[in-house]
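These numbers were taken from a predicted model, which means no experiment stands behind them. Proteins get letters first, then strands, A, B, ... in listed order; numbering begins at 1 in each.
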Number of protein chains: 2
Amino acid sequence: MGGPRFEPVRAVRAYERVVEQVEEAIESGSLSPGERLPSERELMVQFSVSRSTVREALRVLQARGLVRSRPGDPHGAEVLPFTPAALHKSMTTLARVAELSLAELVQFRMVLDSSASLLAARLRTDGQLAEMDAAVGRMRAAADHDAFVAEDVAFHDVVARASGNKLIQICTDVVRSIVLGLISEKLAAAPDKRALMRQTIEHHEEVLAAVRAGDGPLAARLTREAMYDYYADYVPAGERPALRALLE
Amino acid sequence: MGGPRFEPVRAVRAYERVVEQVEEAIESGSLSPGERLPSERELMVQFSVSRSTVREALRVLQARGLVRSRPGDPHGAEVLPFTPAALHKSMTTLARVAELSLAELVQFRMVLDSSASLLAARLRTDGQLAEMDAAVGRMRAAADHDAFVAEDVAFHDVVARASGNKLIQICTDVVRSIVLGLISEKLAAAPDKRALMRQTIEHHEEVLAAVRAGDGPLAARLTREAMYDYYADYVPAGERPALRALLE
DNA sequence: TGCAGCCTACTGGTCCGACCAGTGCACTAG
DNA sequence: CTAGTGCACTGGTCGGACCAGTAGGCTGCA
């Protein structure tokens with residue numbers, strides 16, 4: 001405990017310093033979404049580096065979802081409004097490289113979505129309640145299965161929004177799309193879609209009623225159960241107990 | 001429904017195709033962690049592109065946490081074992097750009113960590129239980145506050161691991177470090193650290209007892225309460241009700 | 001005067017060739 | 001057999017060049 005703790009002097013590469021500066025400008029708000037970066041040739045003057053270096057920095061910024069460049073655009077790279085695209089990308093990579101199982105993903109959804117329902121039951125506005133109602137209505141009227149799924153997603157999205165927690169909203173969105181991507185082909189081949197759709201609507205109506213009544217714990221429990229019923233068939237039998245552990 | 005749906009022909013850039021191929025090789029497992037990519041000069045031959053293009057592709061892959069290159073390394077870029085570093089980076093960016101509040105982050109932790117406790121109570125092994133016990137023991141023996149926090153983290157990490165869900169484990173880890181980063185300076189200036197530490201140890205012992213007894217719901221509730229007690233002071237008073245909404 | 005169409009200046013994407021500091025390995029000298 | 005040295009090669013950076021594409025100003029026609 002004690003002496004001067006020296007930081008290791010990491011050899012910081014030129015393009016990294018460019019990335020840091022631009023990133024800082026964006027995150028601090030001095031560069032807002034929609035605004036433009038100077039052109040690459042202008043940037044290489046401002047940073048006193050070569051164009052290769054500028055371009056490598058821009059590639060990194062682009063990979064992080066902060067910036068987009070179009071060929072021929074005379075205004076330079078565009079600062080993007082925040083999107084969870086980068087988060088989505090790294091979580092998708094995660095799912096493949098870390099070998100996340102469908103069970104783990106579904107379990108994660110059960111946790112997040114049920115918490116969203118819990119919070120939504122307490123914090124939702126009347127407008128959001130109407131939106132949920134409308135989504136369920138559109139689910140009932142959906143012409144085909146794709147439209148049905150789209151409205152299903154819309155419902156969950158309103159609930160997540162009503163939770164008042166942007167992180168929950170973003171993560172449910174990201175994980176949901178990964179899960180749907182994993183089982184979309186199996187889902188398309190499901191034997192009796194009408195029955196599944198009818199049951200799903202019923203579940204959503206129950207959740208909606210609980211949210212309307214302000215009963216958070218009930219809404220959370222119903223959400224977990226609905227999700228289990230919907231996805232359990234696609235999860236290997238050996239991993240289902242882990243899911244049921246969330247059902248009490 | 002309807003006629004042939006043509007995909008828009010996006011002008012795919014050369015470096016993107018390089019990224020895709022390498023990414024595919026890594027995610028499919030034909031390129032394992034620890035293995036090396038060919039040198040940049042070799043890659044430009046294999047892909048029939050210039051070195052600039054190869055380098056831009058490598059920058060993207062590096063930003064995604066899939067590879068790392070060191071100057072002078074005669075073996076080429078190294079394929080990295082999975083780390084949540086990329087996820088961490090994009091979530092940190094998220095926290096700044098999407099203006100996530102401390103309240104939202106803490107709320108997210110309350111949700112995830114309490115679910116981890118819930119699952120751990122049912123799924124933990126005896127070895128993991130012993131690890132938790134050891135961590136609490138080391139918390140009690142911690143010489144200074146830094147060591148204390150480190151053991152606190154270790155405890156939560158074992159619990160997350162015991163949940164059996166890698167995604168929960170990774171996300172708790174990422175969000176925890178973001179939260180700690182946000183309040184570390186305030187925490188260091190806390191008036192009475194000994195009292196806080198004593199209370200924290202007490203909370204952890206209660207959670208541990210519930211996990212040991214296999215009482216998931218209790219462990220989950222205690223985890224939420226402990227986290228609220230620990231962080232509420234740093235959250236603006238106006239946002240605390242949203243946190244208390246999780247306490248029933 | 002108003003608008004359609006062309007022109008130009010500039011953009012990003014890609015390529016090439018060059019230099020440098022650093023690394024690991026093989027070879028050499030002791 | 002080991003310690004030390006050189007070399008071949010690496011990634012990082014630079015500069016210059018060409019191309020296809022875009023936007024906006026300009027021209028010329030109606």
Would you check if V18(A) and L43(A) make a side-chain contact, meaning some heavy-atom pair closer than 4.5 Å?
no
Carefully, step by step, assess E56(B) and R13(B) under the rule salt bridge (charged side-chain N to carboxylate O under 4.0 Å, His left out).
CA-CA 11 Å; E56(B) 291 186 26; R13(B) 274 146 274 193; over 6 Å; no
Examine dG13(C): is either OP1 or OP2 under 4.0 Å from a nitrogen or oxygen in the side chain of R13(B)? Give yes or no.
yes
When every non-hydrogen atom of R51(A) is compared with those of E40(A), the smallest separation belongs to NH1-OE1, 2.5 Å
Side-chain N or O of S69(B) less than 4.0 angstrom from OP1 or OP2 on dG11(D)?
no
Taking 4.0 Å as the cut-off, does a side-chain nitrogen or oxygen of S50(A) come that near to OP1 or OP2 on dG15(D)?
no
Within a strict 4.5 Å, meaning less than it, do heavy atoms of the S52(A) and R55(B) side chains meet?
no
Does OP1 or OP2 of dC10(C) have a side-chain N or O of S39(A) closer than 4.0 Å?
no
Below the 4.0 Å mark, does dG12(D) have OP1 or OP2 next to a side-chain nitrogen or oxygen of R59(B)?
yes
Does dG13(C) have OP1 or OP2 sitting under 4.0 Å from an N or O in the side chain of R55(A)?
yes
Closest to the 5' end of DNA chain D, once T53(A) and D73(A) are matched to their nearest nucleotides, is T53(A)
Is the shortest side-chain N/O distance from S52(B) to OP1 or OP2 of dC16(C) below 4.0 Å?
no
Base dT14(C) to side chain R51(A), donor-acceptor N/O within 3.5 Å cut-off
yes
Which sits closer to the 5' end of DNA chain D, S48(A) or R41(B), going by the nucleotide each is nearest to?
R41(B)
